[in-house]
Each structure stands twice: as structure tokens, then as C-alpha cells.
Amino acid sequence: MKEQLQVLEGWWCDPGLGERSFTREEVPDLQQRQHVEAFLNESELRDAPADDAILFFVAGHGEASPAGSHFLMLPGTDPQRLLATAYRTSDLIAAVLDSEAKHVLVIVNTCYSRAVNIGLAQLTHDLNQPRSNSPTLAVLAATDVGTTVGVRELSALLAQVHKQLSTSAELTSEHLTFVEFMEQLHDASEATGYKSPHALLGMNGSRTPHLCLPNPGYQPTTRLVAPQRSQVAASEEDLRYWINRASGRPNRADPGWYFSGRRPLTSVLARFLEAGPPSGFAPSLIVTGTAGSGKSAVIARAVTLSDVGFRANPAYSGAIAGSPPDTVPPAGSIDVALLARQRTAEQVVAAFLDGLGQEAPEPEPGTDRLTDMRGHLLKVLRELASSGRTTTFVVDGLDEADDPYLLVSQVVAPLAQAGQAALRLVIGVRSHLTSAAPGAPSTGEPVQDVALLDHVRQALTLATGTSRTQLPPMQLRTDGPETTADVQEYLQALLDDIPDAAFDAADVARRITARIPDVSFLDARIAGGQLREHESPADLLTDPLWWDSLGGGLVGMLRRDLRELSTPRLTSETALALLRAAAFAQGAGIPWGPIWPALAEAVLDRPLPDSESAIVGLRASRLVGYLAQDTEDGRTVHRLAHERLAEVLRSEPHLLHTSAMESQ
């Protein structure tokens, strides 16, 4: 009994929960039936107000009567006179369920506790209708009708759930729903081998957060921009690093190139967002370039700096003040910005509608849902245009959509053709190097990248209506010859930040960018990170194997990081399997437990004995730099930091096996 209370207090009464923490109600020694009744009266549980959240834990001896009712057995109970000397458990539960408290969780941990369901069924019918249907009244029974209590089983289950929520579950909400709690209990049951409790009340499918279920793994996050722009904005980590560098430390360049550098690109984009296209162009702008050339960073900068809330945040005032005025877009100039990765055409239209504060219409019988939604969106845009407002949509990563060609033909093209001057579109899409970068070597990227870019151009090209003249979209490329100089400056800034560096950062940055084939910002970040995190950067610069790894580009650098793993809980083989699992993830990424380990086992084609330690080890290693985090369906999810990385891991894993390198 002491152990059960320790587990409960360790979770629900944890001071680290802050305002979500519970206060334990001291219970006197309950020897006889009248003692229970006295406690109910003195604690005023029946009169609990609506804003109370009550966790009511019932443990001890339980017995089912010949009629099947469940009774709480007390030291003074006569087994032959249950009605007079025991306490009907459903009557005990009624004290809290019929109170005014909106959030109640009852856990019954006695023998035969599922028998409580007989009295509970009658009780719920006797409650007033709003409470009988409430999604935040829940009752759990630890044992079945014919089963006795397993010693320490519930304690072990709850402790395991607490551990999962603090690590692998990665649920992002402050409170769990009851459904999520039951899912975690199921996972804990598989982990411990103990049977999961039975839900007698509360499993009505509701996803309402339950205030009796504080999430111990909740980590408050700072929302930098409004939700309709958050997917494409710069991350808090990027901004934090930039603000540190802007605080007066005497470095020659600014690694936060989201907010400085690349001035020709950022000024054209800012001017487009302010005044629209120059004469002779359609009101659309394509931002394109090779993988890792900084398309998303240029777009993210504009989205972030345009957000009204971000601009009003004193913590980031330097982001505006430190940027050339002609590169800063007007406040509020972007209405909705979304990442197309793994999204269907319907989901993109739904996101546009949601960003404009509109709900997707219910489809008419026999009609196409996408057509209905698109028609509703166009109607909304026409209404906004009639009031003199120009709407701006940003779509990044169009090439990573569920079906890029369908998205272009069924969403982008109709919007561009119907929107005219009332709608501006900014599209981020990858391409291989073109004549915009003369003499650039081939990247080996598939030809369909070019076909998709041409498809986007055609979709955004407008006929003038008065002649055969067409208005093409504007286009910005991020991979011209000058990009190498930008990458070198970015890398120099990363190296400048190494304390007591015994080398010339500018010279090393020049040598590294010259060594990496088709060098990109992504390559520079990884190479700079390897130097920054090495115990002796100067020694690493004299290591010919390291320079050889740079010559292998992204594959060579990742292979080196895999080879350098030295933790016993994470082998290079396991790390590669975990990274490949994340590369195969759909949607915004892969959640940790239990999906990430299961997919890694499928990749490995064998069990992963201690998956939790392996993932903890991965997140604590340098390899975490190859991953990015996002949120989907209330959980933290993980994906590769760039689609180029994911492609390598999916299609060319043999190049990353450390044995392949060692045999060369």
C-alpha cells in the first residue's frame, strides 16, 4: 500500500508539475463502515466545486457479493453482513461522480474490482444527463471479476506509464486525454507483462484533455509566429543562436544567415511581398534550387519576419533592427505558410481555409470533396478581394508533397488562374542546377525535378486576356555561382565561434568548401558541427581520413559520424537503422514509442533488445544533428533534417555501412 501511494504522489503531487500538481487529502484510519461515511462528509467530496479535479484512489480488500455487487471490505466488516458492515464500492464512487467537479478519475485496485461495473451502470443512469455523458468522468478497475489483486502490479504499471510519458511517448499536451492514458497503460502492460486495468467509464472516444491526467513529459514551447505560419518559420533554436551572435560578440560573419546575408534574394522576396510583381510578371514567385541550397531558409526568414507577433516580441527586436530594411517584408504580408511535405491536395486546401479562419464545407452527395473545398476557398478569396485585401499564400517543399503533380494541377493552377491580383503565391520547389548556374557540375538528381519545376511554371503563367502575351511567374534561384561564397561565409561564422581556435577560420572555411563536392549549407553545417564538437578541432584538421570523408560529401560525413560512435548502448548499425526508420516516416515524422523502435527492427530485420537506450543514445550523440523535430497529432515526431539526407538513407544505405569504408 505504501508503494502504491509513493507512485501516485511521485506523479500527481510532483512539484515540477507546477499548477497541475495535486494535493493529497489525508485519510483517517478506516476501520468500520461509519468511518468511511465520516470521511466522505468531512472531506466534502460530495460538494466538490466544478473547478476541482479529483483523483480518487480506492485500494484494499474487495469482495463480490452473491448478486455480483462489489464491496469494500473493512477491518470491522462481517463477511455475512456485507450490506451493514462493508461499503458498496459504487456508493463510494457515487460521492465523487455526483459532485460538481468536472474532472474526476477513479481507480479501484482491489480484488474482483471489475464487479464495480454492475453498480456503476445503475449509477450512471441516475446521474443528470450532462454528467452521465461527460468525457472527463472516468473509472478504472485494476482486476477482473474473478481475479485477485497482483502484488505491486498496478504500482509497476503506473511507474512504467510515468517513465514512458517522461521519455518515449513525447506527448506535447499539458494533460492527457483518457484515451491516451489507456493507450499508455496498454504499452506499459506489454513492457511489464502485467494486465492493463479495465476502463469502466470514460472510453467514449473523446479527445478532451483530462485535468486529472497531468503529462509529466510536457515541455512548454515558445510560439514564435502564429499557427498558420509556424510550419515554415525559422525555429526557436535558429533564432536563439542568431540572437546570441547579434549580442555584440566580435565575429566577422553572422551564422544566422536566415536574417543576414543573401541580400539579393531576400530583397527581391521582400519587395514581392510588399508591392507584388513588377510589370510583365504574374503575381507568383518560385524559389528554387538544388537540395541544401537554402530555399527553405530564405522562405523561412521572410515568413518569420513578416509575422506581427514575432515583430512585437522584444526578445527578437534585433532580428528586425539588424536586417537591411529592403530585405524585411511588411508586417502581416503573409497570410498562410505551409510545408507541403507528405500532404495531399485536400490537406493543403484545408490548411489554407483553416489559416483564413474558415472551415472546410461538408461535401455534397456524389461530388468530389477536393472540388468542393477548392470552390469554397476561391469564394473566400473573392470575398476578401472585394474588400480590397490581397491574400498571400506560401507553399514550401512542394516537391515533397504526397502527389506534387496533382497538387499543382488541382490546387496551385486553379488558385493562380482565378486569384489574379487578389492572390499572391510563393512556391518553394527543388530543382537540379540549370543555366542559372553556368558550369555547375551535375548533381545526379532525377530529371523529373526539372519536369516538376516546368509544370509549376506553366501552372503559374497567366494569359493577359487581351492578346496572346503571357505573364510568367517570377523566379529566384538559390544555387547560383555566388552560393559557394555564401556557404563559405556561413561556415566561417560557425568556426569563428569555436573557443580558443588554433586555426584561421577563413582559411579553413575556404578549404572545406573547396573539398566538398557541390557544397551546400547543409554540408557546411554538418562539417562545421564536426569541428565544433571535436575535443581538439586543430587535430581533426590534420586528420587525412576526415578530409577524405568531406570528399564523399553528405554520405562521407554521415558515414564518418556513424563510425565514430563510441557508446555501448548505441552501435553504428543500430544508429543507421534508427536514422533509416526516420527517413521512411510519412507525415511530419516518426513518433518515438513504440513506432520508431518497431520500424527500426523492420529495417534491421531483427529485434532491437533495448530500443529505449538506443534512441536515448542517438539523441545524445552527434547524430541528433541529422534530425529535425516537429509536432503531429499531439506528439513530437522526428524526421531527417533535410530530404536529401532521407533520400540517401532510403536508397543508398550500403554506402553508409562503416564496414564499407573500412574495407576501402
- request: Any chance you could lay out the side chain to side chain donor-acceptor pair (under 3.5 Å) test for Thr172 and Thr631, step after step, and finish with the verdict?
  value: CA-CA 8 Å; Thr172 59; Thr631 300; 5.1 Å; no

message: Could you tell me if the side chain of Ser323 sits less than 4.5 Å from the side chain of Arg301, heavy atoms only?
response: yes

task: Check whether any side-chain heavy atom of Leu618 sits under 4.5 Å from a side-chain heavy atom of Val624, and report yes or no.
output: no

statement: To the nearest 0.5 Å, atom CD of Glu359 lies from atom CG of Leu353 at 10.0 Å

- prompt: Does Arg343 use its side chain to pair, donor to acceptor, with the backbone of Val348 at less than 3.5 Å?
  reply: no

message: Between Arg639 (side chain only) and Ala585 (backbone N and O only), is there a donor and an acceptor less than 3.5 Å apart?
response: no

- request: Using a strict 4.0 Å threshold on nitrogen-to-oxygen distance, state whether Asp633 and Arg635 make a salt bridge.
  value: no

query: Quick check: does any side chain N or O of Trp596 sit under 3.5 Å from a backbone N or O of Ile590, one acting as donor and the other as acceptor?
result: no

- prompt: If only atom types and distance count, is the side chain of Gln417 paired as donor or acceptor with the main-chain N or O of Ala459 below 3.5 Å?
  reply: yes

- prompt: Does any donor atom in the side chain of Asp523 or Ser520 lie under 3.5 Å from an acceptor atom in the other side chain?
  reply: yes

Least distance between heavy atoms, Gly428 atom then Ile299 atom: CA-CD1, 3.7 Å

message: For residues 320-337, which residue pairs pass the salt bridge (charged side-chain N to carboxylate O under 4.0 Å, His left out) check, not counting sequence neighbours?
response: Arg263-Asp326, Asp335-Arg389

task: In plain terms, say whether Arg515 and Asp548 are close enough for a salt bridge, that is, a side-chain N and a carboxylate O under 4.0 Å apart.
output: yes

- line: To the nearest 0.5 Å, atom CG of Leu495 lies from atom CD of Gln488 at 10.5 Å

Closest heavy-atom pair and its distance - Ala582, Leu627: CB-CD2, 4.1 Å

Could you list the donor-acceptor pairs under 3.5 angstrom formed between side-chain atoms of residues 406-416 and any protein atom two or more places apart in sequence or on another chain?
unit_1: Ser409; atom_1: OG; unit_2: Tyr405; atom_2: O; d: 3.1
unit_1: Ser409; atom_1: OG; unit_2: Leu406; atom_2: O; d: 3.3
unit_1: Gln410; atom_1: OE1; unit_2: Arg374; atom_2: NH1; d: 3.1

query: Backbone N or O of Leu558 within a donor-acceptor pair of the Asp561 side chain at under 3.5 Å?
result: no

- request: Enter the distance from Tyr626:OH to Leu562:CG here, rounded to the nearest 0.5 Å.
  value: 7.5 Å

message: When you measure from the side chain of Arg430 to the backbone of Lys295, do you find a donor-acceptor pair of N or O atoms at a distance under 3.5 Å?
response: no

- prompt: Any side-chain heavy atom of Ser431 within less than 4.5 Å of one from Arg477?
  reply: yes

message: With no hydrogens and no angle check, just 3.5 Å: does a side-chain donor-acceptor pair link Arg424 and Ser333?
response: no

message: Could you tell me if the side chain of Leu494 sits less than 4.5 Å from the side chain of Leu531, heavy atoms only?
response: no

task: Hey, could you give me the CD/OG1 distance between Glu489 and Thr484, rounded to the nearest 0.5 Å?
output: 13.0 Å

message: Checking the side chain of Arg650 only, and the main-chain atoms of Phe584 only, is there a donor and an acceptor separated by less than 3.5 Å?
response: no

- prompt: Closest approach of Leu656 and Arg559, non-hydrogen atoms and distance?
  reply: O-CG, 3.8 Å

field: Under 3.5 Å: donor-acceptor pair, side chain of Arg229, backbone of Ile334
entry: yes

query: Can we say Glu170 and Arg619 salt-bridge, meaning some charged N sits less than 4.0 Å from an Asp/Glu carboxylate O?
result: yes

- prompt: Quick check: does any side chain N or O of Arg560 sit under 3.5 Å from a backbone N or O of Gln530, one acting as donor and the other as acceptor?
  reply: no

statement: Ser651 and Pro653 have their tightest heavy-atom pair at C-CD, 3.3 Å

Ring pair (Phe, Tyr, Trp, His ring centres under 6.0 Å) partners for Phe272, two or more places apart: none

- prompt: Only one of Thr574, Val648, Leu649, Val603 clears side-chain contact (heavy atoms from CB on, under 4.5 Å) with Leu579; which?
  reply: Leu649

message: Do Trp547 and Ile512 have side chains that approach each other closer than 4.5 Å (heavy atoms only, starting at C-beta)?
response: yes

task: Output, in order, the C-alpha distance, side-chain angles, deciding distance and verdict of side-chain contact (heavy atoms from CB on, under 4.5 Å) for Leu377 and Leu356.
output: CA-CA 9 Å; Leu377 176 59; Leu356 295 175; 4.0 Å; yes

- prompt: Is there a donor-acceptor contact under 3.5 Å from the side chain of Gln231 to the main chain of Leu339?
  reply: yes

task: Could you walk me through whether Arg262 and Thr478 pass side chain to side chain donor-acceptor pair (under 3.5 Å), step by step?
output: CA-CA 9 Å; Arg262 315 210 84 181; Thr478 57; 5.0 Å; no

task: Take Leu338 and Val395 through the test side-chain contact (heavy atoms from CB on, under 4.5 Å) and record every step on the way to the result.
output: CA-CA 5 Å; Leu338 62 87; Val395 180; 4.1 Å; yes

- request: State, yes or no, whether a side-chain contact exists between Gln219 and Thr636 at a heavy-atom distance under 4.5 Å.
  value: no

- prompt: Could you state the interatomic distance from CG (Leu305) to OG1 (Thr327), rounded to the nearest 0.5 Å?
  reply: 7.0 Å

field: Over all atoms of both residues, closest heavy-atom pair of Ala505 and Asp496
entry: CB-OD1, 3.5 Å

task: Quick one: which residue pairs count as a ring-ring contact (aromatic ring centres under 6.0 Å, His included) with a foot in residues 279-308, not counting sequence neighbours?
output: none

- request: With sequence neighbours excluded, give me every ring-ring contact (aromatic ring centres under 6.0 Å, His included) pair touching residues 337-362.
  value: Phe352-Phe393

field: Sidechain N-carboxylate O distance under 4.0 Å for Arg369, Asp372
entry: no

- prompt: Between OH of Tyr316 and CG of Leu224, what distance do you get to the nearest 0.5 Å?
  reply: 4.5 Å

field: Closest heavy-atom pair and its distance - Ala575, Leu623
entry: CB-CD1, 3.6 Å

- line: Residue set satisfying side chain to side chain contact (heavy atoms under 4.5 Å, CB included) with Ser284, at least two apart, ordered chain then number -> Leu425, Leu460, Pro473

